[in-house]
**Student:** 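Before I ask anything, here is the structure I am working with.
Being a predicted model, the structure only gives us computed values, none of them experimental. Proteins get letters first, then strands, A, B, ... in listed order; numbering begins at 1 in each.
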Protein chains: 2
Amino acid sequence: MTSGRVTIADVARRAGVSTAAVSKVVRGAYGVSAEMQTKVTQAIDELGYRPHAAARALRGRTYTLGVMLSDTRNPFFPDIIEGVTGRLGDTEYQVLLGPGGIEPKTQARMTDAMIDRSMDGLILISPVMTDAELAAVATAVPVVVVGRHGGAAAYDAVVDDDVMGAGLVVDHLVGLGHTRIAHITHLERARAQGLPHTVRAEGYRQAMRAHGLADDVLATSFTEEGGFEGARELLARDDRPTAIFAGADIAALGVLRAADEAGLSVPEDLSVAGYDNIGIASLKRISLTSVDQDGHVIGATAARLLVERIEGRSRSVTSSVSPTLIVRGTTGPPRL
Amino acid sequence: MTSGRVTIADVARRAGVSTAAVSKVVRGAYGVSAEMQTKVTQAIDELGYRPHAAARALRGRTYTLGVMLSDTRNPFFPDIIEGVTGRLGDTEYQVLLGPGGIEPKTQARMTDAMIDRSMDGLILISPVMTDAELAAVATAVPVVVVGRHGGAAAYDAVVDDDVMGAGLVVDHLVGLGHTRIAHITHLERARAQGLPHTVRAEGYRQAMRAHGLADDVLATSFTEEGGFEGARELLARDDRPTAIFAGADIAALGVLRAADEAGLSVPEDLSVAGYDNIGIASLKRISLTSVDQDGHVIGATAARLLVERIEGRSRSVTSSVSPTLIVRGTTGPPRL
DNA sequence: CTAACAATGGAGAACGTTCTACACAATCCT
DNA sequence: AGGATTGTGTAGAACGTTCTCCATTGTTAG
């Protein structure tokens with residue numbers, strides 16, 4: 001009455017069997033007769049028994065998967081979550097999210113906390129930890145890393161093909177007739193390698209080279225302000241670009257503001273493209289050309305890989321998701 | 001070597017004391033000498049010991065707080081999270097988020113899962129459960145409910161004063177000279193009482209009445225599409241409103257699109273206001289007048305109340321946060 | 001008919017903590 | 001001096017599971 005919690009012992013008493021037998025039934029383990037099965041199942045239903053995850057943790061699984069979020073404000077993070085939970089919806093696994101913050105230190109604290117809570121596996125979204133830290137986490141628990149290129153042997157990885165995505169944008173703009181295409185990227189702060197913005201910038205450079213064009217990369221930050229500042233600088237030049245490809249939609253919004261303030265009309269005077277295809281990009285008022293990553297597929301894939309890992313696979317896998325270009329109103333042929 | 005995990009017994013052996021003593025030091029409990037304190041602390045540091053939360057759960061606290069999110073896409077949910085984690089940053093508590101989904105059933109599953117994982121307390125953000133379900137959760141674990149009016153004795157509550165917020169908008173519009181002000185609300189689907197949209201609609205009605213004006217409420221949904229559809233219907237009328245107050249910014253964006261398509265200029269032909277002050281409302285391209293809820297304060301308050309509850313307070317508390325009106329470019333005097 | 005075996009159920013030892021109860025020593029009061 | 005009190009440390013029983021044996025059945029093969 002004090003705790004009120006129904007335990008396996010209560011069920012065993014009710015069904016007139018041992019706790020071991022109940023445990024077997026609950027886990028679907030080998031060695032239970034049909035009769036035992038029904039008896040116990042009935043007792044469980046009558047009492048409303050639910051296994052106590054913490055107690056389970058001491059011996060076996062917790063059926064809890066952790067997803068560490070580096071940035072809660074990243075607009076397609078809900079897509080990834082939905083992909084993960086959707087995939088796991090009909091399994092016994094539960095998903096809990098851990099806000100890891102932007103700093104390597106706070107992220108490490110979060111992953112430690114998740115390990116301490118004996119989660120069965122972790123999905124890390126764009127972690128900003130060193131490779132060594134990442135490897136350390138991966139030895140303690142199965143790990144899938146999302147959004148970071150160049151995965152290691154210790155963990156699985158799911159990445160968007162950012163090189164391809166950047167290429168799609170450049171190809172599109174070149175196809176429209178642009179030659180002066182600038183790229184706004186995010187200034188590298190951490191030691192971590194293979195982060196999306198780096199790879200997108202590299203993909204942009206490759207694609208420009210492939211078209212025989214000179215590249216023009218400016219590093220500010222992936223914020224509205226960063227896009228604004230970057231665009232203001234680019235647009236002040238004598239030979240200002242006719243198109244700006246921002247490495248993230250949020251920065252592209254800043255670019256649009258800069259264009260507004262400079263009295264340039266989009267797309268006639270300036271074409272603008274982003275990356276991520278965030279929800280508002282599709283709003284008619286914005287109508288931003290962008291690269292869609294299909295966070296849903298990314299999340300579902302990460303969940304699948306993680307469960308596979310937990311259930312025994314040891315060979316490491318890297319899955320690459322192909323982005324698609326969504327052409328909208330902010331890109332068009334340059335004014336001659 | 002197999003598990004690799006450092007346990008309290010390892011620390012005790014290293015320091016040459018009992019496990020009970022180590023436990024006392026770790027918990028900061030009464031009855032440890034200074035000498036013992038340093039000896040044990042040193043051993044902990046040397047071995048890199050971290051308490052195993054699941055094992056703790058079986059006896060005492062887990063130092064884990066759960067935040068159930070009803071809607072991961074809600075744009076000010078990151079603000080609330082930051083408020084919560086910010087408040088808890090220097091305590092021993094860890095915050096984990098649980099995506100509860102929109103359905104009462106999935107939300108119940110989530111809260112159950114959190115209870116099964118012996119979290120010390122739960123913050124429920126706009127839960128769509130019945131009062132009975134809510135009460136049941138609250139008997140199992142300390143609970144703070146956010147964003148739902150009319151809290152019960154069993155749990156604490158933090159709410160935005162939605163009546164006041166709606167009043168601010170109406171007062172502002174009336175002050176500009178508007179008399180035909182329509183309101184777009186969210187169609188009630190669940191049984192749950194006291195949800196924000198209901199209260200906002202009621203606040204709107206009260207304020208209109210106070211100004212001696214006729215109210216005009218249309219229920220669609222709090223989505224871009226819902227705002228669009230609602231506005232299209234309202235704008236097709238003979239005596240179309242000169243101002244539309246949408247109960248959520250996301251719907252207000254739909255209203256803006258409808259105005260664009262109808263060839264009405266904002267704010268000259270139509271004033272538009274929203275609620276929530278989501279990030280993009282401040283973008284120059286949108287510049288939406290809105291009501292700000294200060295999710296940061298809400299989150300911090302919820303965290304404070306929850307910790308108080310966990311640490312013994314039994315009297316139930318409801319904290320109300322005052323919203324503020326952010327006037328931007330989408331509202332102005334009506335054209336005469 | 002008996003030995004071997006498969007199928008089923010149960011005992012009981014973990015798992016890593018917390019926490020109550022107690023032992024012991026040192027200090028205090030009268 | 002002797003009892004009471006205070007301070008400090010330890011033993012050991014929980015907590016609710018899982019899981020490895022082991023015991024007891026039937027069943028089958030020879």
**Student:** Return all side-chain donor-acceptor pairs below 3.5 angstrom for residues 133-142 of chain B, not counting sequence neighbours, or 'none' if the list is empty.
**Tutor:**
residue: B:Glu133; atom: OE1; partner: B:Thr130; partner atom: N; Å: 2.9
residue: B:Glu133; atom: OE1; partner: B:Thr130; partner atom: OG1; Å: 3.4
residue: B:Thr139; atom: OG1; partner: B:Ala136; partner atom: O; Å: 2.7

**Student:** How close or far is atom P of D:dG16 from atom OH of A:Tyr63, stated in whole angstroms?
**Tutor:** 20 Å
**Student:** Under 4.0 Å, heavy atom to any atom of DNA chain D: which of residues 27-54 of chain B qualify?
**Tutor:** B:Tyr30, B:Gly31, B:Val32, B:Ser33, B:Met36
**Student:** So A:Arg14 and A:Gln42, do their side chains get closer than 4.5 Å, heavy atoms only?
**Tutor:**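 Not touching, per the 4.5 Å side-chain cut-off.
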**Student:** For residues 83-114 of chain B, pull every pair meeting ring-ring contact (aromatic ring centres under 6.0 Å, His included), keeping only residues two or more places apart or in separate chains.
**Tutor:**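 For residues 83-114 of chain B: B:Tyr63-B:Tyr93.
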**Student:** Nearest whole angstrom, please: distance from the C1' of C:dT17 to the CG of B:Asp10.
**Tutor:** 13 Å
**Student:** Could you tell me which non-hydrogen atom of A:Leu96 sits nearest to which non-hydrogen atom of B:Arg117, and how far apart they are?
**Tutor:**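 Distance-wise, the nearest heavy atoms are CD1-CD, 4.1 Å.
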**Student:** Rounded to the nearest Å, what distance is computed from the CZ atom of residue B:Arg56 to the P atom of nucleotide D:dG16?
**Tutor:**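 To the nearest whole Å, that distance equals 18 Å.
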**Student:** Identify all side-chain donor-acceptor contacts of residues 297-309 of chain B below 3.5 Å with residues at least two apart in sequence or on another chain.
**Tutor:**
residue: B:Thr301; atom: OG1; partner: B:Val297; partner atom: O; Å: 2.7
residue: B:Arg304; atom: NH1; partner: B:Glu308; partner atom: OE2; Å: 3.1
residue: B:Glu308; atom: OE1; partner: B:Arg313; partner atom: NE; Å: 3.0
residue: B:Glu308; atom: OE1; partner: B:Arg313; partner atom: NH2; Å: 3.2
residue: B:Arg309; atom: NE; partner: B:Asp156; partner atom: OD1; Å: 3.3
residue: B:Arg309; atom: NE; partner: B:Asp156; partner atom: OD2; Å: 3.3
residue: B:Arg309; atom: NH1; partner: B:Ala154; partner atom: O; Å: 3.4
residue: B:Arg309; atom: NH2; partner: B:Asp156; partner atom: OD1; Å: 3.1

**Student:** Please list each protein N or O that sits under 3.5 Å from an N or O in nucleotides 12-15 of chain C, with the distance.
**Tutor:**
residue: C:dA14; atom: N3; partner: A:Arg59; partner atom: NH1; Å: 2.7

**Student:** For a quick test of reading the model: is some side-chain N or O of B:Ser23 closer than 4.0 Å to OP1 or OP2 of C:dT17?
**Tutor:** no
**Student:** Distances under 3.5 Å between protein N/O atoms and the N/O atoms of nucleotides 21-26 of chain D, please, pair by pair.
**Tutor:**
none

**Student:** For residues 83-90 of chain A, which side-chain donor-acceptor pairs fall under 3.5 Å, sequence neighbours excluded?
**Tutor:**
residue: A:Thr85; atom: OG1; partner: A:Ile81; partner atom: O; Å: 3.0
residue: A:Thr85; atom: OG1; partner: A:Glu82; partner atom: O; Å: 3.3

**Student:** Determine the sole option in A:Val67, A:Thr111, A:Leu69 for which the side-chain contact (heavy atoms from CB on, under 4.5 Å) test with A:Leu124 is passed.
**Tutor:** A:Thr111
**Student:** With a sphere of 6.0 Å drawn around CD of B:Glu35, does it hold more than 12 non-hydrogen atoms of other residues, nucleotides or ligands?
**Tutor:** no
**Student:** For residues 94-117 of chain B, which residue pairs pass the ring-ring contact (aromatic ring centres under 6.0 Å, His included) check, not counting sequence neighbours?
**Tutor:**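 As it turns out, there is no ring-ring contact (aromatic ring centres under 6.0 Å, His included) pair with a partner in residues 94-117 of chain B once direct neighbours are skipped.
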**Student:** Tell me which pairs pass ring-ring contact (aromatic ring centres under 6.0 Å, His included) where either residue lies in residues 13-58 of chain B, with sequence neighbours left out.
**Tutor:** none
**Student:** What integer distance in Å separates A:Arg61:CZ from D:dG16:C1'?
**Tutor:** 19 Å
**Student:** Quick one: salt bridge (charged side-chain N to carboxylate O under 4.0 Å, His left out) pairs with a partner in residues 55-69 of chain A, sequence neighbours left out?
**Tutor:**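 As it turns out, the salt bridge (charged side-chain N to carboxylate O under 4.0 Å, His left out) pairs with a partner in residues 55-69 of chain A, which skip direct neighbours, are A:Arg56-A:Glu92.
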**Student:** Which residues satisfy the side chain to side chain donor-acceptor pair (under 3.5 Å) test with B:Asp112, sequence neighbours excluded?
**Tutor:**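 A:Arg50.
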**Student:** List the atom of A:Gly147, the atom of A:Ser126, and the distance in Å for their closest heavy-atom pair.
**Tutor:**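 For A:Gly147 and A:Ser126, the tightest heavy-atom pair comes out as O-OG, 4.1 Å.
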**Student:** Mind checking A:Val17 for me? I need base, sugar-phosphate or nothing, with any heavy atom below 4.0 Å counting as a touch.
**Tutor:**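 Sugar-phosphate contact only - A:Val17 comes under 4.0 Å of backbone atoms but never of a base.
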**Student:** Which whole-number value in Å describes the distance from A:Ile8 CD1 to C:dA11 C1'?
**Tutor:** 14 Å
**Student:** Five pairs per end, C1' atoms only: what is the angle between the end axes of the helix from C:dC1-D:dG30 to C:dT30-D:dA1, to 10 degrees?
**Tutor:** 40°
